Number of protein chains: 2
Amino acid sequence: MTTSTLYQHGTLALMVPGLLAGTMTMKELLTHGDTGIGTGEGLDGELIILDGIAYQVDSFGKVNQIGPDFTTPFASVHTADFKPLATVKEILTQPDLERLVRNKTRWANTFFAVLTRGEFSDVTTRAVAKSQKPYKTLAATADQQSIFHQDEVRGTMLSYYAPELFDGAAVGGFHHHFLSVDHDFGGHVLNANLKTGNIDVQQFATLEQHLPVKNADYMNHDFSDDAIHDAIAHAEH
Amino acid sequence: MTTSTLYQHGTLALMVPGLLAGTMTMKELLTHGDTGIGTGEGLDGELIILDGIAYQVDSFGKVNQIGPDFTTPFASVHTADFKPLATVKEILTQPDLERLVRNKTRWANTFFAVLTRGEFSDVTTRAVAKSQKPYKTLAATADQQSIFHQDEVRGTMLSYYAPELFDGAAVGGFHHHFLSVDHDFGGHVLNANLKTGNIDVQQFATLEQHLPVKNADYMNHDFSDDAIHDAIAHAEH
């Protein structure tokens, strides 16, 4: 299995009008990697996949290990082969961390992953509650998110970076998910300061973009009236 | 080799500021498919790949078979597995043909290829002349294109369709290249009417987007000031 490929099922854009059916199982997704992020059917929580195990942070803040039949409308996975980038001994805010990674890698024009492990402070995450069919739009669903906070927490932040050209297919720029080492806290990161820890990175030469072509709702949807980029800026950044 | 994957090397966007170095050989490209389109280093003509053989229409209108060491900044290939869509017995303009394909497939939200073989009329093509380093922008280079015309010609039109979400990475909508059966005429299609012939199609579930991460000019370029979508609309549509 190549370690220079990022595999993505679905697009961020398809969630904007609420095309939230789970169109790939975890079993199939994990054939494409052992590390990743995503969400469940109906925006059922925030997923983080580490060492081949998929965890869901649900809208109650609970961390659940999810099984092979759990389905996702949108997820990114790859096979971990991270290289050390930096050891951090003084506090980095989230913008500091992103700036450090950008400056030390100079990888702005390709996809890459960042794995940050250590002691964090002032970590704020969100997790979305599952909605049922007929699904609401991404904006309406994201407005109902739960927010969680830890002043001090040891954990792992997994981040993907996509070039701005691919904003809409993926999240342009950085997209971070978090899981505490105790598996009692996590989600989509709204803020996180790294106090001490290690930052590892992995570059991809290839995006393998898979689309849910067997899903009639997706295939028949007219995206021309969806303000994709505005909705994404509202919900994901 | 999967027939549900479209492989793309480079992006349309990288050509906008003139990042025209040949970053993949035909030898390597053809490991990803036997059918495709593209251009050469410095926008060296218009490529069409049929049955595993790569042809270049140069700026003199000459059709050249190109060898394994020929390099490309941007090309799309796949392994042919077309299915019949329609047999045409009365004249279709290019917009008619695109409309027919859209309506009969309903595949607007995924990538697909169209192979049209038959008798064409009023075919106008263009081919760009190779530029040397320092390469000009896509707009400046495309303004120096040569135009060719045939009133009646028998040949093959190979077309790729990309969802609008991917405009900039690929050409959003349809992108057509042509080669006459006599191998004496072809290029990027500006107009073509199909008089009689067969239209075959092939759907892709996956775009395998490969980026030239070993090319320093590409990796170090700041795309934020390039008006990518405007430049593409000018040059490719």
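Each chain gets a letter, A, B and so on, in the order its sequence line appears, and its residues count up from 1. What you see is a predicted model, and the numbers here were worked out from it, not measured in a lab.
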Would you check if the side chain of B:Gln202 reaches a backbone N or O of B:Thr79 as a donor-acceptor pair within less than 3.5 Å?
-> yes
What residues of residues 100-109 of chain A sit under 4.5 Å from chain B when only non-hydrogen atoms are counted?
-> A:Arg106, A:Trp107, A:Asn109
Using a cut-off of under 4.5 Å on heavy-atom pairs, state which of B:Lys214, B:Glu164, B:Gln209 scores highest against chain A.
-> B:Gln209
Taking A:Gly168, A:Ser224, A:Ala205 one by one, which has the highest count of heavy-atom pairs under 4.5 Å against chain B?
-> A:Ala205
Verify, without hydrogens or angle tests, whether A:His177 (side chain) and A:Leu47 (backbone) share a donor-acceptor contact under 3.5 angstrom.
-> yes
Just by modelled atom types, is the A:Glu208 backbone N or O under 3.5 Å from a matching donor or acceptor in the A:Thr206 side chain?
-> no
Please name the residue in the list A:Leu190, A:Leu194, A:Asn191 that meets the side-chain contact (heavy atoms from CB on, under 4.5 Å) test with A:Gln94.
-> A:Asn191
Side chain / backbone / both / neither for A:Gln8 at chain B, heavy atoms under 4.5 Å | neither
Is the distance between the ring centroids of A:His9 and A:His32 under 6.0 Å?
-> no
Could you tell me which portion of A:Thr11 (side chain, backbone, both or neither) has an atom closer than 4.5 angstrom to a non-hydrogen atom of chain B?
-> side chain
Which of parallel (below 30°), tilted (30 to 60°) and perpendicular (above 60°) describes B:Tyr7 and B:His210?
-> parallel
Can you tell me if B:His221 and B:Asp226 form a side-chain donor-acceptor pair at under 3.5 Å?
-> yes
Whatever's closer than 4.5 Å to a heavy atom in chain B on A:Leu211 counts as both
Look at the rings of B:Phe112 and B:Tyr161 and say which category their plane angle falls in: under 30° parallel, 30 to 60° tilted, over 60° perpendicular.
-> parallel
